[in-house]
K.L.:
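The structure that follows is given in the form of structure tokens.
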2 protein chains.
Amino acid sequence: MFESYHQILKRNRYKVTPQRKAILEVLDNTRGMHFTAEEIYNQVKKTNPQIGIATVYRTLELLVRLEIVYKSSFDEGRHRYEFYEGDRHFHHHFLCNKCGVIIEVEEDYLCQLEGVLEERGFMISNHNLRLYGLCPACHRKEKHPETR
Amino acid sequence: MFESYHQILKRNRYKVTPQRKAILEVLDNTRGMHFTAEEIYNQVKKTNPQIGIATVYRTLELLVRLEIVYKSSFDEGRHRYEFYEGDRHFHHHFLCNKCGVIIEVEEDYLCQLEGVLEERGFMISNHNLRLYGLCPACHRKEKHPETR
DNA sequence: ACCTAATTGATAATAATTATCATTTGCAAT
DNA sequence: ATTGCAAATGATAATTATTATCAATTAGGT
């Protein structure tokens with residue numbers, strides 16, 4: 001599981017450096033999270049205190065190019081990175097307006113919409129859906145407020 | 001149609017300045033377009049050469065707060081703004097990987113997905129879908145290359 | 001162990017956006 | 001119509017995320 005990333009780097013003639021291994025390890029240990037470059041930098045510094053943030057940015061860009069990592073913008077003025085789980089279509093994101101949690105949504109009901117567009121001559125290669133609202137926890141609290 | 005924005009500003013105790021009017025006018029004249037703050041600034045300068053870019057940013061933020069304008073990120077490292085057409089759900093965007101055109105997609109087949117999530121306790125208030133691929137023009141060219 | 005091109009870390013540069021602040025102005029009250 | 005003042009503006013400095021530069025280091029083939 002971890003060796004495979006080693007292989008992908010080698011296959012593409014990239015060197016397997018301790019920095020790259022450390023960044024991949026952080027990403028591997030935080031599957032399901034959506035971290036910014038700076039958050040990843042802070043994690044990696046725990047094991048590699050000498051690492052520079054430029055290396056983190058460079059490595060993340062490399063991993064994005066190799067389609068190991070997915071980069072997305074949630075309109076916060078910075079990007080977030082996560083392991084690319086490798087389906088043809090990326091999963092969706094739900095963002096809670098209240099607590100800010102980002103929850104992954106696996107369902108894919110967009111085929112129908114894509115079908116309509118492809119009939120019209122589009123060629124859809126990927127999509128990115130963001131859903132906004134209240135997550136179950138916040139929605140419950142809104143209906144049954146405990147405090148205040 | 002234009003007077004109504006005047007009313008929204010007044011109702012919310014914001015002053016109706018020439019700068020705000022000019023920015024609204026540009027947005028009104030470019031419905032369907034997705035402009036960056038700088039592009040809007042350049043447009044507005046044609047009629048209001050003295051305007052500062054800070055005012056453009058401030059006014060756009062104000063219009064976003066008033067839900068007159070929608071702000072979205074297409075992962076280019078800057079934001080784009082457009083009139084909010086006021087449906088409960090925002091329309092979708094198709095982005096051509098080749099020519100970069102942004103085409104609006106009106107179909108809404110997400111109700112089904114949202115239904116599943118609401119059964120699970122989520123409360124969905126909005127969504128934002130980006131589709132990537134080739135627009136009909138580029139897709140045709142790819143199949144029948146004329147030049148090169 | 002050596003060679004060399006790739007990689008790194010430090011840091012300068014850039015680009016978009018936000019904050020500051022003195023000046024100006026819309027508009028409500030007179 | 002005039003005035004007073006909070007709100008808004010323009011110029012520009014500051015900030016923030018990201019990218020570029022470059023000398024020093026290093027992975028990995030020989």
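Below, chains carry the letters A, B, ... as their sequence lines are ordered, and counting in each starts from 1.
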K.L.:
Rounded off to whole Å, could you give me the CG-to-C1' distance for the B:N48 and D:dA8 pair?
P.N.:
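Atom-to-atom, B:N48 to D:dA8, this comes out as 14 Å.
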
K.L.:
Has A:T59 got a side-chain atom pairing as donor or acceptor with A:V56's backbone, closer than 3.5 angstrom?
P.N.:
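Between the backbone of A:V56 and the side chain of A:T59 there is no qualifying donor-acceptor contact (under 3.5 Å).
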
K.L.:
So, OP1 or OP2 of D:dA17: does either fall under 4.0 Å of a side-chain N or O from B:R78?
P.N.:
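Result: no.
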
K.L.:
Rounded to whole Å, please give me the gap between OH in B:Y41 and C1' in D:dA11.
P.N.:
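It is 10 Å, rounded to the nearest whole Å.
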
K.L.:
Between A:R31 and A:E82, is there a salt bridge with N-O shorter than 4.0 Å?
P.N.:
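Judged by the 4.0 Å cut-off on N to carboxylate O distance, A:E82 and A:R31 do not form a salt bridge.
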
K.L.:
Give A:I53 one of three labels, base, sugar-phosphate or nothing, depending on what nucleic acid heavy atoms sit under 4.0 Å from its own.
P.N.:
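Nothing, no heavy atom under 4.0 Å.
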
K.L.:
If you check every side-chain atom of A:K15, which of D:dG10, C:dT17, C:dT7 has the closest atom?
P.N.:
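The closest nucleotide is C:dT7.
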
K.L.:
Measure from CG on A:L9 to P on C:dA6 and round the result to the nearest Å.
P.N.:
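Answer to the nearest Å: 15 Å.
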
K.L.:
Starting the side chain at C-beta, find the nucleotide from D:dT9, C:dT7, C:dG26 nearest to B:P18.
P.N.:
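In terms of side-chain proximity for B:P18, the closest of D:dT9, C:dT7, C:dG26 is C:dG26.
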
K.L.:
What integer distance in Å separates B:E61:CD from C:dA16:P?
P.N.:
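Spelled out: CD on B:E61 to P on C:dA16 is 16 Å.
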
K.L.:
So if I apply the side chain to side chain donor-acceptor pair (under 3.5 Å) rule between B:E76 and each of B:H79, B:R80, B:R78, which one comes out positive?
P.N.:
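Filter result, single survivor: B:R80.
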
K.L.:
Does C:dT18 have OP1 or OP2 under 4.0 Å away from a side-chain N or O of B:Y57?
P.N.:
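Checking C:dT18 against B:Y57, no side-chain N or O comes under 4.0 Å of OP1 or OP2.
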
K.L.:
What nucleotide among C:dT8, C:dT25, D:dT18 has an atom nearest to a side-chain atom of A:H79?
P.N.:
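Taking heavy atoms from C-beta onward, the closest nucleotide is D:dT18.
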
K.L.:
Atom CD of A:Q50 and atom P of D:dT25: how far apart are they, to the nearest Å?
P.N.:
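Roughly 13 Å, once rounded to whole Å.
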
K.L.:
Could you check which of D:dT9, C:dA16, C:dT17 has an atom nearest any side-chain atom of B:Q19?
P.N.:
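Between D:dT9, C:dA16, C:dT17, the one nearest the side chain of B:Q19 would be D:dT9.
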
K.L.:
What is the distance from NZ of A:K45 to P of C:dA10, rounded to the nearest Å?
P.N.:
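Answer to the nearest Å: 10 Å.
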
K.L.:
Taking 4.0 angstrom as the limit, do B:E61 and B:K71 come out as a salt bridge?
P.N.:
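Yes.
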
K.L.:
Has the side chain of A:R13 got a donor or acceptor atom sitting under 3.5 Å from an opposite partner on the base of D:dG29?
P.N.:
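Side chain to base: no pair present.
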
K.L.:
To the side chain of A:R58, which of C:dA19, C:dT17, C:dA10 is closest?
P.N.:
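Minimum distance to the A:R58 side chain belongs to C:dA10.
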
K.L.:
Considering just the side-chain nitrogens and oxygens of A:T17, establish if one lies under 4.0 Å of OP1 or OP2 belonging to C:dT7.
P.N.:
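No, because none of the side-chain N or O atoms of A:T17 sits under 4.0 Å from OP1 or OP2 of C:dT7.
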
K.L.:
Would you please indicate yes or no on a ring centroid separation below 6.0 angstrom for A:Y5 and A:F83?
P.N.:
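Centroid distance A:F83-A:Y5: below 6.0 Å, so yes.
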
K.L.:
Specify the separation, in whole Å, of atom CG of B:N42 and atom P of C:dA16.
P.N.:
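It is 12 Å, rounded to the nearest whole Å.
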
K.L.:
Separation of A:E76 atom CD from D:dA17 atom C1', in whole Å?
P.N.:
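In whole Å, D:dA17 C1' lies 12 Å from A:E76 CD.
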
K.L.:
For A:Y14 and A:A54, take the nucleotide of DNA chain C holding the closest heavy atom to each; which residue's nucleotide lies nearer the 5' end?
P.N.:
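Looking at the nearest nucleotide for each, A:Y14 comes out on the 5' side.
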
